[in-house]
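Just so it is clear: chains get the letters A, B, ... in the order the sequence lines come, proteins before strands, and each one is counted from 1. Bear in mind that the values here come from a model prediction, so they are computed numbers and not experimental data.
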Protein chains: 2
Amino acid sequence: MSQSGTGIDLDTSLGYLLKEASSVLRTAMEEVLRPLGMTVTHYSCLELLAQRPGLSNSELARGAFVTRQSMNVLLQNLERDGYVTRPAQAPVGKALPARLTPRGRRSLERASAAVRSVEVRMLAGMTEAEQADALRSLRSMIRSLRGDAVGA
Amino acid sequence: MSQSGTGIDLDTSLGYLLKEASSVLRTAMEEVLRPLGMTVTHYSCLELLAQRPGLSNSELARGAFVTRQSMNVLLQNLERDGYVTRPAQAPVGKALPARLTPRGRRSLERASAAVRSVEVRMLAGMTEAEQADALRSLRSMIRSLRGDAVGA
DNA sequence: CAACGTATGTCAGACTTCTGACATGAGTCA
DNA sequence: TGACTCATGTCAGAAGTCTGACATACGTTG
């Protein structure tokens with residue numbers, strides 16, 4: 001696809017393809033989330049809270065792959081609009097455990113269904129085995145990039 | 001990794017893992033690009049121009065997975081700083097073919113080497129066959145998400 | 001106990017990217 | 001030829017995210 005002007009190796013670079021896949025996935029998610037008035041990070045935050053109630057702002061940030069400052073802005077809005085609640089006082093340390101409100105849970109349900117449909121569409125045409133392979137490949141790449149050491 | 005509080009299926013979601021891998025890759029690239037005073041999009045633009053000279057602003061935007069408005073901002077800066085050149089008049093239509101200047105090419109060389117090392121690190125621990133599989137998987141996901149049609 | 005390093009929440013400012021909008025140039029078709 | 005559609009470049013404003021900075025809370029270590 002695209003132009004085949006010079007026959008570049010961009011199409012054979014795993015890094016480039018990873019970026020492309022991520023971009024396409026993000027766009028597809030934004031498309032289904034926009035009608036619900038939700039961004040991807042917004043949805044990620046809610047989904048994380050549904051699956052792991054009590055996560056702190058910093059933990060949510062790591063789970064959604066943004067800085068804690070960005071997540072803090074979002075979390076304050078979500079709290080103001082009644083989607084999540086946080087105690088005024090930290091039970092321990094400074095971390096404030098966040099939880100979904102019933103309203104947040106309802107909002108998430110629609111979003112979750114929409115996002116699931118996107119993932120289903122993405123996986124169409126792949127066998128179970130291929131999906132398992134892809135899972136292992138991605139995990140390997142993540143581990144290699146994170147696992148520091150290695151001067152190289 | 002992370003907490004194993006509830007045993008979530010986030011670790012088995014290809015979509016989530018794709019986002020994670022992309023995030024880690026981006027962070028790794030930013031790390032090596034920052035000392036060179038370059039962002040990922042900045043580098044992407046230069047790399048695209050090196051491999052496909054004469055790409056227009058819109059084409060560069062598509063290749064770097066940003067909007068043409070964003071690429072336009074970047075391209076104007078790169079032009080102002082002497083990394084790329086564009087004719088004042090469009091040879092055909094409105095599209096202005098961009099090209100690297102010698103300075104742009106020099107700047108790219110260092111960045112390209114740095115990015116290559118990141119990709120090498122990412123692929124460490126994967127066999128040729130596994131890389132080929134990953135390539136096919138990512139292409140399949142991209143095609144499925146892009147290829148509309150298909151109701152559910 | 002005191003000092004240190006680490007992690008957290010939060011505020012402020014800057015940067016990047018996005019959406020919306022407009023005008024221009026090329027191709028298509030009646 | 002004229003109308004329509006599409007792609008492009010560009011400007012302007014809005015939104016999201018980032019970096020930098022500060023104060024606070026915990027654990028460790030002397």
Q) Quick one: B:Asn77 CG to C:dC15 P, roughly how many Å, whole number? A) 11 Å

Q | Separation of D:dG16 P from A:Met29 CE (nearest whole Å) | A | 15 Å

Q) Contact class for B:Ser70 vs. all strands (heavy atom < 4.0 Å): base, sugar-phosphate, or nothing? A) base

(Q) I want to check one thing: is the phosphate of D:dG16, taken as OP1 and OP2, less than 4.0 Å away from some side-chain N or O of A:Thr39? (A) no

Q.
So, OP1 or OP2 of D:dA21: does either fall under 4.0 Å of a side-chain N or O from A:Arg68?
A. no

Q: Look at A:Asn72 and C:dT10 and indicate whether a side-chain polar atom (N or O) is within less than 4.0 Å of OP1 or OP2.
A: yes

(Q) Nearest whole Å is fine: how far is D:dC18 P from A:Asn57 CG? (A) 12 Å

Q: Please confirm whether the backbone N or O of B:Lys19 pairs with a side-chain atom of B:Ser23, one donor and one acceptor, at under 3.5 Å?
A: no

Q. Choosing from C:dA21, C:dG9, D:dT17, which nucleotide comes nearest the side chain of B:Gln69?
A. C:dA21

Q. What integer distance in Å separates B:Gln89:CD from D:dT10:C1'?
A. 15 Å

Q. Under 4.0 Å between a side-chain N/O of A:Arg86 and OP1 or OP2 of C:dT10, yes or no?
A. yes

Q: Please report, rounded to the nearest Å, how far the C1' atom of D:dT17 is from the CG atom of A:Leu60.
A: 16 Å

Q: Indicate the atoms forming the closest heavy-atom contact of B:Thr39 with B:Leu33, along with that distance.
A: O-CD2, 3.9 Å

Q) For the residue pair B:His42 and B:Tyr83, does the interplanar ring angle fall in the parallel (under 30°), tilted (30 to 60°) or perpendicular (over 60°) class? A) perpendicular

Q) What about A:Val24 and A:Leu18, same hydrophobic cluster or not, with Ile/Leu/Val/Met/Phe/Trp/Tyr joined at side-chain heavy-atom distances under 4.5 Å? A) yes

Q. For B:Met71 and C:dT16, what is the distance between atoms CE and C1' respectively, to the nearest whole Å?
A. 12 Å

**Q.** Sugar-phosphate, base or nothing in reach of B:Leu96, heavy atoms under 4.0 Å
**A.** sugar-phosphate

Q) Between C:dC18 and B:Thr67, is there an OP1 or OP2 to side-chain N/O distance shorter than 4.0 Å? A) yes

Q: Ignoring backbone atoms, test whether B:Thr41 places a side-chain nitrogen or oxygen under 4.0 Å from the OP1 or OP2 oxygen of C:dT17.
A: yes

Q | Phosphate OP1/OP2 of C:dC11 contacted by A:Gln76 side-chain N/O (<4.0 Å) | A | yes

Q. Between A:Arg105 and A:Glu109, does at least one N-O distance fall below 4.0 Å, as a salt bridge requires?
A. no

Q: Check the distance between D:dC18's P and A:Phe65's CZ and give it to me in whole angstrom.
A: 12 Å

Q: Give a yes/no answer on whether the side chain of A:Arg34 brings an N or O atom under 4.0 Å of OP1 or OP2 in C:dC18.
A: no

Q | First encountered from the 5' end of DNA chain D, between A:Val73 and A:Pro91 | A | A:Val73

Q: Using whole Å, report how far CG of A:Leu75 lies from C1' of C:dT10.
A: 12 Å

